[in-house]
Amino acid sequence: MTHCRSWRVFALLLAMALVAAACGGDDDRGQVTTIATTAATQAADTAEPAATEDTDMMEEAGDGTATTDVAGGSMSASGAGAFGLDAVDPLSVSGDIAVAGSSTVFPLAEAMAARFEDEGYSGLITIDSIGSGAGFERFCVAGESDVSNASRPIKDAEVESCQAIGRDPIEFRVGTDALAVTVSPGNTFVADLTIAELAVLFSTATTWQDVRAGFPANPIQRFIPGTDSGTFDYFVEEVFDEDEGPILAAGNTQLSEDDNVLVQGISGDGCDPSNASTTCAVGFFGYAYFSENSDRLSVLDIEGVEPTTESVNANTYPLARPLFMYSTASIIAEKPQVGAFLSFVLQFVNEEISEVGYFPAPDAVLQSAADELHAAL
């Protein structure tokens with residue numbers, strides 16, 4: 001990704017030099033500012049390439065008002081003017097943009113903001129990684145953010161909070177995640193779990209032997225996203241049928257809204273299956289955080305299915321989920337730079353998302369998002 005951006009910048013500078021030479025004038029552009037973020041997450045360079053095959057559409061109802069397609073459709077469209085949107089020239093865009101929300105969407109939003117900046121955007125984008133729930137609170141209650149990142153659909157109550165302050169949220173699907181259940185490399189005895197075993201592992205089990213009879217009796221240490229996280233909500237919905245009581249009552253559980261803290265906790269444990277006194281950690285988070293740390297984590301298959309581009313697009317991986325950005329027509333009207341950024345995201349997200357460690361949304365879903373944005377512009 002870095003090399004591609006370098007060539008884009010080089011090509012832009014060369015074109016500017018040729019115009020200046022032809023016209024005998026100087027082109028004095030506004031300077032580029034630095035993106036402010038609250039987490040130092042780097043995009044993974046080892047993520048799998050995006051698939052471009054057509055697959056069947058699957059609809060999955062979220063906890064709230066939104067219904068989304070998790071996978072399917074062609075994923076080849078990208079670039080300036082894609083999905084009928086006008087090409088965006090970042091050099092002509094100024095003004096600040098405030099983004100907050102999901103820690104899962106954070107690396108993708110960060111990558112898109114970096115590209116927006118690389119191509120000439122002269123404003124400042126702040127991206128706060130605070131969890132989907134906290135992001136909606138900032139967006140719908142405090143009214144302080146322009147874009148709300150989310151790894152789950154917005155809930156009815158959150159929509160009502162938004163409307164109470166004059167905001168009508170618009171949903172923009174920007175990608176797909178395969179939630180990764182991971183253990184440390186020292187854990188050599190587990191490679192695959194069922195949904196039923198996940199429910200035991202993250203609730204009543206105290207040792208791994210409680211999860212499956214063939215596992216050793218090492219104690220379990222759990223590292224999970226905090227309750228403000230859309231990842232937490234999604235896991236509870238899929239594994240515990242929306243009942244968060246069992247997972248919150250489990251012992252030896254550390255919660256954090258910062259996925260990097262979870263990665264550090266899981267990868268740093270001293271799991272030794274031959275020594276039953278050693279703790280063997282487990283946790284879950286967005287696939288990008290596994291992809292970035294695949295040298296010190298092991299990802300588990302779920303129901304016999306490995307999280308890959310193919311399994312996500314074929315709807316066979318049980319923990320695949322959509323990723324979103326939200327804004328409103330009123331915000332876009334008041335701050336055109338927000339609309340420009342969202343348009344840029346939809347046109348180029350498929351060129352960046354695989355390098356971040358996630359999977360492209362289908363063209364049909366991106367087209368729907370583009371139609372919503374076009375109506376708001």
Side-chain angles (χ1 to χ4, degrees), residues 44 46 103-104 177-227 229 231-241 243-308 311 317-321 357:
T46 57
S103 61
T104 301
D177 175 33
L179 188 147
V181 181
T182 68
V183 296
S184 66
N187 187 329
T188 57
F189 55 84
V190 58
D192 175 84
L193 292 171
T194 65
I195 294 293
E197 288 173 332
L198 281 178
V200 175
L201 174 60
F202 285 95
S203 61
T204 58
T206 58
T207 73
W208 282 89
Q209 199 169 71
D210 297 330
V211 179
R212 188 183 296 175
F215 288 165
N218 295 71
I220 299 167
Q221 175 67 52
R222 305 170 180 90
F223 293 89
I224 68 172
T227 55
S229 168
T231 304
F232 175 88
D233 292 337
Y234 175 78
F235 190 84
V236 167
E237 179 182 339
E238 295 299 313
V239 176
F240 293 100
D241 195 24
D243 180 9
E244 65 182 24
I247 192 170
L248 291 179
N252 291 336
T253 301
Q254 179 176 336
L255 291 81
S256 177
E257 308 296 345
D258 187 343
D259 291 324
N260 290 301
V261 171
L262 306 181
V263 168
Q264 184 176 354
I266 300 165
S267 63
D269 87 332
C271 179
D272 180 358
S274 66
N275 182 354
S277 66
T278 62
T279 298
C280 293
V282 65
F284 58 88
F285 32 70
Y287 192 85
Y289 289 90
F290 162 71
S291 181
E292 184 182 6
N293 297 280
S294 58
D295 58 333
R296 54 186 182 136
L297 293 172
S298 297
V299 68
L300 305 183
D301 295 353
I302 305 300
E303 298 288 354
V305 181
E306 181 184 358
T308 63
S311 65
Y317 183 68
L319 299 179
R321 58 179 178 156

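Sequential numbering from 1 along the given sequence is applied to the chain's residues. Atoms considered below: every heavy atom in the structure, side chains included; atoms not considered: hydrogens, waters and symmetry mates.
A 4.5 Å side-chain heavy-atom check between P225 and L262 finds at least one atom pair inside the cut-off. Using a 4.5 Å heavy-atom cutoff, the side chains of I195 and I302 are in contact. In this structure the side chain of L198 never reaches within 4.5 angstrom of the side chain of E238, judged on heavy atoms. Counting heavy atoms from C-beta on, the side chains of I220 and D210 never come closer than 4.5 Å. The side-chain heavy atoms of V236 and D233, taken from C-beta on, include no pair separated by under 4.5 Å. Using a 4.5 Å heavy-atom cutoff, the side chains of N293 and I266 are not in contact. Between F232 and E244, the closest side-chain pair of non-hydrogen atoms falls below 4.5 Å.
In this structure, OH on Y289 lies 5.5 Å from CG on N260, to the nearest 0.5 angstrom. The OG1 atom of T227 sits 11.0 Å away from the CD1 atom of I247 when rounded to the nearest 0.5 Å. Of the inter-residue distances, the one linking T253 atom OG1 with Q221 atom CD reads 7.0 Å to the nearest 0.5 angstrom. Note that the CZ atom of F223 and the CG atom of D259 stand 13.5 Å from one another [nearest 0.5 Å]. Considering CG of N187 and CG of L297, their distance stands at 11.5 Å, rounded to 0.5 Å. Expressed to the nearest 0.5 Å, how far CZ of R212 lies from CG of L193 amounts to 6.0 Å.
Residues T188 and P185 share a closest heavy-atom pair of CG2-O, 3.8 Å. Across Y317 and A180, no two heavy atoms sit closer than the pair OH-CA, 4.4 Å. Considering all non-hydrogen atoms of both residues, G304 and D301 come closest at C-CB, 4.2 Å. Closest heavy-atom contact between P216 and P273: CB-O, 4.0 Å. Nearest heavy atoms, A178 versus P307: CB-CB, 3.9 Å.
A side-chain donor-acceptor contact under 3.5 Å links Y234 to the backbone of A320. Under the 3.5 Å distance criterion, the side-chain polar atoms of S311 are matched with a main-chain donor or acceptor of E306. The backbone N or O of Y287 lies less than 3.5 Å from no partner atom in the side chain of S291, so there is not a single donor-acceptor pair.
Contacts classified as ring-ring contact (aromatic ring centres under 6.0 Å, His included) and involving residues 182-207 (residues at least two apart or in different chains) are given here: F189-W208, F189-F215, F202-F235, F202-F284. Pairs passing the disulfide (SG to SG under 2.5 Å) check and including a residue from residues 263-301, sequence neighbours excluded, read C271-C280. Contacts classified as disulfide (SG to SG under 2.5 Å) and involving residues 178-222 (residues at least two apart or in different chains) are not found. Within the structure, every pair that satisfies the side chain to side chain donor-acceptor pair (under 3.5 Å) test and touches residues 265-275, not counting sequence neighbours, is listed here: S184-D269, S267-R296, D272-S274, N275-S277.
With sequence neighbours excluded, no residue satisfies side-chain hydrogen bond (donor to acceptor under 3.5 Å, both in side chains) with D295. A search for side-chain hydrogen bond (donor to acceptor under 3.5 Å, both in side chains) contacts involving T204 returns nothing, not counting sequence neighbours.
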- Given side chain to side chain contact (heavy atoms under 4.5 Å, CB included), test L179 with T104 step by step and report yes or no. CA-CA 9 Å; L179 188 147; T104 301; over 6 Å; no
